[in-house]
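Let me begin by presenting the structure, written as structure tokens, before commenting on it.
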Amino acid sequence: MRRGVPRALGVRALSAPAAMPPTLAALRCNAERVLDEGRELANPPVTAHGWVVSARRQKTRTFLEVNDGTLGGDATLQVVLSGDVRDVAPGQAVCLRGAMKRGRGQRRSQRVELHADSVDVLADSDLATYPLANVMQRHAHDSAIVDIVRRESHLKARTPRFAAMARTRARMELAMAAWFAENDFCKVAPPIITASDCEGGGEIFRVVADADVRERDALTTFWSGHDAYLTVSTQLHLEAFALGLSRVWALCPVFRAEGSATNRHLAEFWMCEAELCWLPPDAAGLHRVLDCTEHVVKRALHAAWDGERAHDDMAFLGAEPHAAWLSAPWPRVPYTEAVRLLRAHHAAPPVWGDSLRSEHERWLADHFASPVFVTDYPSGGKPFYMRENRAKTTLTPDLDPERVGAEEATVACFDLLVPGVGELVGGSVREERLDMLRARMAHAGVQAAGLQWYTDDLRRYGGAPHGGFGLGMERLLSWATHTEHVRDLVGFPRVKGPLRY
Ligand code: 4AD
Ligand code: MG
């Protein structure tokens, strides 16, 4: 008989002796709730911590605006101190003791304020040299702040704009995690150091032990002569997890030695990847992966606007809610149709077989005025693991006048293109037929040696039909918040060039 472990362990049994002290957001929220309920504030003593954003002195009173990074948008908590308090200045970290009172200001953020009896300066700030001394209260997109924090990443978190971005990102990630959990996806931990280039794109960083570099003739001793890389995508390992757990996901940093300095590319970024088994055959399999993608992205978008603080953050960042994107189903267009559309309307269109350039991707998203799935791309140029479709595409004059009648292969894959950004998600059904997989690997020049665990074992021991996708978190955030450069929404962006941090 099993003993000792109760079926449901009460939260009370797990919780720590004392709850966490309230943040400024909690102090404000608790006080506002009392007012919302039509009651008066009972004014129990409270302790608050934060950084001074501004100080205004009058003869009988001093007003401080204080923030601790938990309020929405550029909101601050107004603090009223009696007397002319001389030694409090912007940038300082302070501890305040007092009581919450009904505020007298007009703005929503001024409904409640803190009347402080005491202020302790916990850490001073050298205003003469503080790069943010004079810019903190400027508009979120003010170029002076953008320039400063691009140079001084370590001060980014002090700016309302980056703080709003960080909170929004956290909300979106939490919502995605909730969607996955509700749908029985298990979060797994794939490796970051890998033995292969999953995408076969060659934009890969090598991992060598420092000691091996110093002893130049033994470059790969640490890995016993094997090559090691930073992962470009956790997909192959996720497939291994999925073929035992049915539905898995991961949110991991991935690395690409991208030479291109665009506003959408980073050398280190976070990819949310999911892999699911038991896909139905043929086109329905791909559409199941699309359904999953659409749900996850919609849930994340919804979370970005859900709640007062979230709303304040998004409004402050200058984002628009785009309610229609949340309610309407997103169009699904085969690549062949996309090429037809582009050839009919675009000034510099592709012919069938070309990869879509970012201007084409953006044109398509604008054309549909919605996120749009483009599916079933030509198999040439797509990674080896994508499943080849049975039906061939016969080229017609409107697809390529020079190759009319040619029979071309496509793969069961997709890109999700979104307005303003372009590609946000890429995914596919995985090739489960070993002979087809080997042919695609040979064609793409992918080294089969070392990948037998993936090619052979995962297929010959119950390799259920499966597929999945990868979503770039920074691109999702840049799309949702209307931020042009992904570098501006990452704390310490890694791009080709000098590395400071
Ligand atoms: O389209 P990608 O290369 O797909 C894969 O890596 C698949 N193995 C994913 C899978 O099926 N599990 O990358 C996925 C997404 C892109 O759509 C894009 O949003 C983002 O990752 N991405 C980048 N984001 C920032 N900087 C870069 N250099 C990026 N490269 C890709
Ligand atoms: Mg892609």
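Remember, it's 1-based here, ligands and their atoms both numbered in the order they're listed.
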Minimum-distance protein heavy atom relative to atom 4 (O) of ligand 1: Glu199 OE1, 3.9 Å
Heavy-atom pairs closer than 4.0 Å: do any link ligand 1 to the side chain of Leu238, the backbone, both, or neither? neither
Closest protein heavy atom to atom 18 (C) of ligand 1, given as residue, atom name and distance to 0.1 Å: Arg475 NH1, 3.5 Å
Heavy atoms of Trp363 and Leu341 approach each other most closely as CH2-O, 4.0 Å
Going by the order shown, which atoms of ligand 1 are within less than 4.0 Å of some heavy atom of Gly426? 9 (C), 10 (C), 11 (O), 17 (O)
What protein heavy atom sits nearest atom 30 (N) of ligand 1, and how far away is it? Phe269 CZ, 3.4 Å
Please indicate whether Trp278 has more than 12 foreign heavy atoms, meaning atoms of other residues, nucleotides or ligands, lying under 6.0 Å from its CH2. no
Under 4.0 Å from a heavy atom of Glu258: which atoms of ligand 1 are those, numbered in the order shown and with their elements? 28 (N)
Please state which protein non-hydrogen atom is closest to atom 25 (C) of ligand 1 and give its distance, to 0.1 Å? Arg264 O, 3.3 Å
Does NZ or CZ of Arg332 come closer than 6.0 Å to the centre of the six-membered ring of Phe373, within 45° of the ring's axis? yes
Output yes when Arg362 and Asp366 qualify as a salt bridge under the 4.0 Å nitrogen-oxygen rule, no when they do not. no
Is Gln235 in polar range of ligand 1, meaning some N or O pair under 3.5 Å apart? yes
State the atoms of ligand 1, each with its element, that fall below the 4.0 Å cut-off from a heavy-atom position in Gly472. 15 (C), 19 (O), 20 (C), 21 (O)
So which protein heavy atom does atom 17 (O) of ligand 1 come closest to, and at what separation? Glu423 OE2, 2.6 Å
Top protein contact for atom 15 (C) of ligand 1, by heavy-atom distance: Gly470 O, 3.6 Å
Considering non-hydrogen atoms only, spot the tightest contact between Arg264 and Ser358 and give its length. NH2-CB, 3.8 Å
Tell me if the aromatic rings of Trp179 and His302 count as close, with their centers under 6.0 Å from one another. no
Quick one: do Arg343 and Asp400 make a salt bridge, cutoff under 4.0 Å? no
Considering just N/O/S atoms, say which atom of Glu423 is closest to the Mg ion (ligand 2). OE2
Salt bridge flag under 4.0 Å for residues Glu173 and Arg171: no
At a threshold of 2.8 Å, where the distance has to be below it, does the Mg ion (ligand 2) have an N, O or S atom of Asp415 nearby? no
Atoms in ligand 1 with a heavy atom of Ser233 nearer than 4.0 Å: 6 (O), 7 (C), 8 (N)
Charged N-O contact under 4.0 Å between Glu432 and Arg387: yes
Which ligand 1 atoms does Phe469 reach within 4.0 Å, using its non-hydrogen atoms? 10 (C), 11 (O), 12 (N)
If you measure every N or O of Val232 against every N or O of ligand 1, does any of those distances drop under 3.5 Å? no
Judged by modelled atom types alone, do His265 and Thr262 share a side-chain donor-acceptor pair under 3.5 Å? yes
Which residue supplies the protein heavy atom nearest to atom 13 (O) of ligand 1, what is that atom called, and how far is it? Met271 CE, 3.6 Å
Please tell me whether His322 and Trp325 form a close aromatic pair, meaning their ring centres lie under 6.0 Å apart. yes
Gly427, any N or O under 3.5 Å of ligand 1 N or O: no
Walk me through it: do Glu407 and Thr393 pass the test side-chain contact (heavy atoms from CB on, under 4.5 Å)? CA-CA 6 Å; Glu407 300 267 294; Thr393 299; over 6 Å; no
A student comparing Glu275, Glu273, Arg430 should find that the heavy atom closest to atom 11 (O) of ligand 1 comes from Arg430
Ligand 1 versus Tyr385, non-hydrogen atoms closer than 4.0 Å: side chain, backbone, both, neither? side chain
Against heavy atoms of Val425, which atoms of ligand 1 measure under 4.0 Å? 17 (O)
Return the closest protein heavy atom for atom 6 (O) of ligand 1 as residue, atom name and distance. Arg256 NH2, 2.9 Å
Does Phe180 have Arg299 sitting over its ring (NZ/CZ under 6.0 Å from centre, angle to axis within 45°)? no
